[in-house]
K.L.:
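Next up is a structure, given as structure tokens.
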Amino acid sequence: MSTRTARRTRLFAATTVALAALSLTACESGDGSDTGAAAPSSSAPAGGSSEQPPAGGKESGNATEANGSKGTNGSAGASGAKDSSGADSSGSGSSGSSGSAGKSTGGTDDDSDLPGKCSATDVKITATKVSRPLNHLLLTATNTGSKTCMLPPYPAARFGEAQSVPPVAQATKPQSLTGVEPGKSGYAGVLLSSGDGSGENGYEAKTLTIPFEDGSIATVTLPAGGVYVDTALTVTYWQTDMDAALAH
């Protein structure tokens, strides 16, 4: 056998071996294909599983949608409740404001119905000398106006050119200020001088003026000849009763 023939023989043998190997590999691959075919079979259950995941996904989706809807509805509900609450609150606030305004207005009306302070323009004061008690003068303040008014606590009487007003007898202080209705009167007593002569710096007063809290001043006509006053000069608080005014 020649060298060339030997080479061909070896080449043929090698080729045969290679083909055999390829056949074996092909068989194995066929087995693998069968396995692969089985894989799709196993993937079919997986497909079944796939159906479940989608179902799960759907449930998840539904849950999401439900949650989304719930969230949306919840938000809307909350928003609605808030709006409703806001509306109610707003309404209540408005009602409260209206109520407060009404109350405030009512208060103003009530305040406007309260008696104001008396003035010399609507109150006339007269002075009358009485026999009992001795050395006393009775002041009568009559409301000549159309509304009830409140007199000052006591008459800050100024006799003649006196630089000061007489003190007030604290024992005669009433529980409240004296108010006078139209046509009605209030009363105050004046101790002009001491009955035992213990008073000092006495003088004859020809004029009497009594100021009011609004700045107006009433000029009071004294009995003919005037009155004698000394350091015992004292006045009482305005009273609703004449006897109470002359009791001190």
Side-chain angles (χ1 to χ4, degrees), residues 109-248:
D109 291 339
D110 292 341
D111 292 343
S112 66
D113 292 337
L114 292 176
K117 295 178 179 180
C118 292
S119 172
T121 60
D122 50 33
V123 171
K124 181 181 180 180
I125 300 178
T126 59
T128 306
K129 195 168 183 178
V130 296
S131 57
R132 288 285 184 272
L134 293 175
N135 303 332
H136 274 68
L137 191 69
L138 175 67
L139 299 178
T140 302
T142 302
N143 185 351
T144 59
S146 59
K147 294 182 179 180
T148 300
C149 66
M150 306 302 292
L151 291 168
Y154 59 90
R158 190 181 297 276
F159 287 89
E161 301 300 323
Q163 300 300 309
S164 61
V165 298
V168 61
Q170 291 298 323
T172 65
K173 185 176 182 179
Q175 293 183 348
S176 61
L177 293 177
T178 299
V180 285
E181 298 176 357
K184 302 297 183 178
S185 303
Y187 307 92
V190 182
L191 173 60
L192 297 171
S193 60
S194 63
D196 58 4
S198 61
E200 300 177 352
N201 303 324
Y203 63 94
E204 291 287 340
K206 303 294 183 180
T207 62
L208 172 61
T209 56
I210 298 177
F212 284 83
E213 293 178 315
D214 66 348
S216 61
I217 300 175
T219 299
V220 183
T221 302
L222 291 173
V227 292
Y228 178 81
V229 298
D230 62 20
T231 52
L233 182 64
T234 309
V235 300
T236 69
Y237 284 89
W238 285 110
Q239 310 287 332
T240 57
D241 183 71
M242 183 187 302
D243 293 335
L246 296 173
H248 84 291

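Excluded from the calculations below are hydrogen atoms, water molecules and symmetry mates; all remaining heavy atoms, backbone and side chain alike, are included.
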K.L.:
Looking only at heavy atoms, which two atoms of P115 and C149 are closest? And how far apart?
P.N.:
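Residues P115 and C149, closest heavy atoms: CB-CA, 4.2 Å.
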K.L.:
Verify side-chain hydrogen bond (donor to acceptor under 3.5 Å, both in side chains) between S185 and T140, making sure each step is shown before the conclusion.
P.N.:
CA-CA 6 Å; S185 303; T140 302; over 6 Å; no
K.L.:
For V229 and S193, what are the C-alpha separation, side-chain angles and deciding distance, and is it a side-chain contact (heavy atoms from CB on, under 4.5 Å)?
P.N.:
CA-CA 5 Å; V229 298; S193 60; 5.8 Å; no
K.L.:
Taking all heavy atoms of P166 and all of A157, pick out the closest pair and write down the distance.
P.N.:
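Answer, listing the atom of P166 first, then A157: CD-O, 2.8 Å.
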K.L.:
Report yes or no: does N143 contribute a side-chain atom to a donor-acceptor pair with the main-chain N or O of V180 at less than 3.5 Å?
P.N.:
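Yes, the answer is positive, given that a donor and an acceptor are paired below the 3.5 Å cut-off.
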K.L.:
If you measure from CG on L222 to OG1 on T207, what distance do you get to the nearest 0.5 Å?
P.N.:
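If I round to the nearest 0.5 Å, the distance is 7.0 Å.
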K.L.:
Which residue is it: P153, P152, C118? I am looking for the one with a side chain to side chain contact (heavy atoms under 4.5 Å, CB included) to W238.
P.N.:
P152
K.L.:
What I'd like to find out is whether the side chain of Q239 reaches to under 4.5 Å of the side chain of P174, using heavy atoms alone.
P.N.:
yes
K.L.:
Quick one: closest heavy-atom pair of P211 and A156, and the distance?
P.N.:
CD-O, 3.2 Å
K.L.:
If I take atom CD1 from residue I210 and atom CD1 from residue I125, how far apart are they, to the nearest 0.5 angstrom?
P.N.:
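Interatomic distance, I210 CD1 to I125 CD1, rounded to 0.5 Å: 4.0 Å.
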K.L.:
Can you see which heavy atom on A218 is nearest to which on A120, and at what distance?
P.N.:
N-CB, 3.8 Å
K.L.:
Can you check whether A141's main-chain N or O pairs, donor with acceptor, with K124's side chain at less than 3.5 Å?
P.N.:
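No: the side chain of K124 does not pair with the backbone of A141.
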K.L.:
Between T231 and N201, does a side-chain hydrogen bond (donor to acceptor under 3.5 Å, both in side chains) hold up when you go through it step by step?
P.N.:
CA-CA 6 Å; T231 52; N201 303 324; 5.9 Å; no
K.L.:
Is there a side-chain contact between K129 and L137 (heavy atoms, below 4.5 Å)?
P.N.:
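They are in side-chain contact.
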K.L.:
Has E181 got a side-chain atom pairing as donor or acceptor with G179's backbone, closer than 3.5 angstrom?
P.N.:
no
K.L.:
Kindly determine whether T172 and T236 satisfy side-chain hydrogen bond (donor to acceptor under 3.5 Å, both in side chains), including the steps that lead there.
P.N.:
CA-CA 6 Å; T172 65; T236 69; 4.8 Å; no
K.L.:
Could you verify whether a donor N or O on one side chain and an acceptor N or O on the other, from T178 and T240, lie under 3.5 Å apart?
P.N.:
no
K.L.:
Quick check on Y187: does its OH atom have over 12 non-hydrogen neighbours (other residues, nucleotides or ligands) under 6.0 Å away?
P.N.:
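Atom OH in Y187 is packed in, count exceeds 12.
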K.L.:
Can you tell me how far CG of D122 sits from CZ of F212, rounded to the nearest 0.5 angstrom?
P.N.:
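Going from CZ on F212 over to CG on D122, the span is 8.0 Å.
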K.L.:
Nearest 0.5 Å, what's the OG-CE distance between S176 and M150?
P.N.:
6.5 Å
K.L.:
Roughly how far, to the nearest 0.5 Å, is CG of L139 from CE of M242?
P.N.:
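Rounded to the nearest 0.5 Å, the CE-CG separation comes to 11.5 Å.
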K.L.:
Ignoring hydrogens, what is the shortest heavy-atom contact between G199 and S194? Give both atom names and the distance.
P.N.:
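The answer is N-OG, 2.8 Å.
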K.L.:
If you apply the rule side-chain contact (heavy atoms from CB on, under 4.5 Å), what do you find for V130 with H136, and how did you get there?
P.N.:
CA-CA 6 Å; V130 296; H136 274 68; 3.7 Å; yes
K.L.:
Just how far is it from atom OH of Y228 to atom CG of L233, taken to the nearest 0.5 Å?
P.N.:
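So the OH of Y228 and the CG of L233 are separated by 11.5 Å.
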K.L.:
Just by distance, do the side chain of D241 and the backbone of A245 share a donor-acceptor pair under 3.5 Å?
P.N.:
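Not confirmed, D241 side chain does not pair with A245 backbone.
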K.L.:
Compare all side-chain heavy atoms of F159 with those of T209 and state whether any distance is below 4.5 angstrom.
P.N.:
no
K.L.:
Apply side-chain contact (heavy atoms from CB on, under 4.5 Å) to V165 and R158, showing your working.
P.N.:
CA-CA 5 Å; V165 298; R158 190 181 297 276; 4.2 Å; yes
K.L.:
For the side chain of T234 and the backbone of A232, is there at least one donor-acceptor N/O pair under 3.5 Å apart?
P.N.:
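Yes: the side chain of T234 pairs with the backbone of A232.
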K.L.:
Mind listing the closest non-hydrogen atom pair of L246 and R132 along with its distance?
P.N.:
CD1-O, 4.5 Å
K.L.:
How about CD on E161, more than 12 heavy atoms from neighbouring residues, nucleotides or ligands closer than 6.0 Å, or not?
P.N.:
no
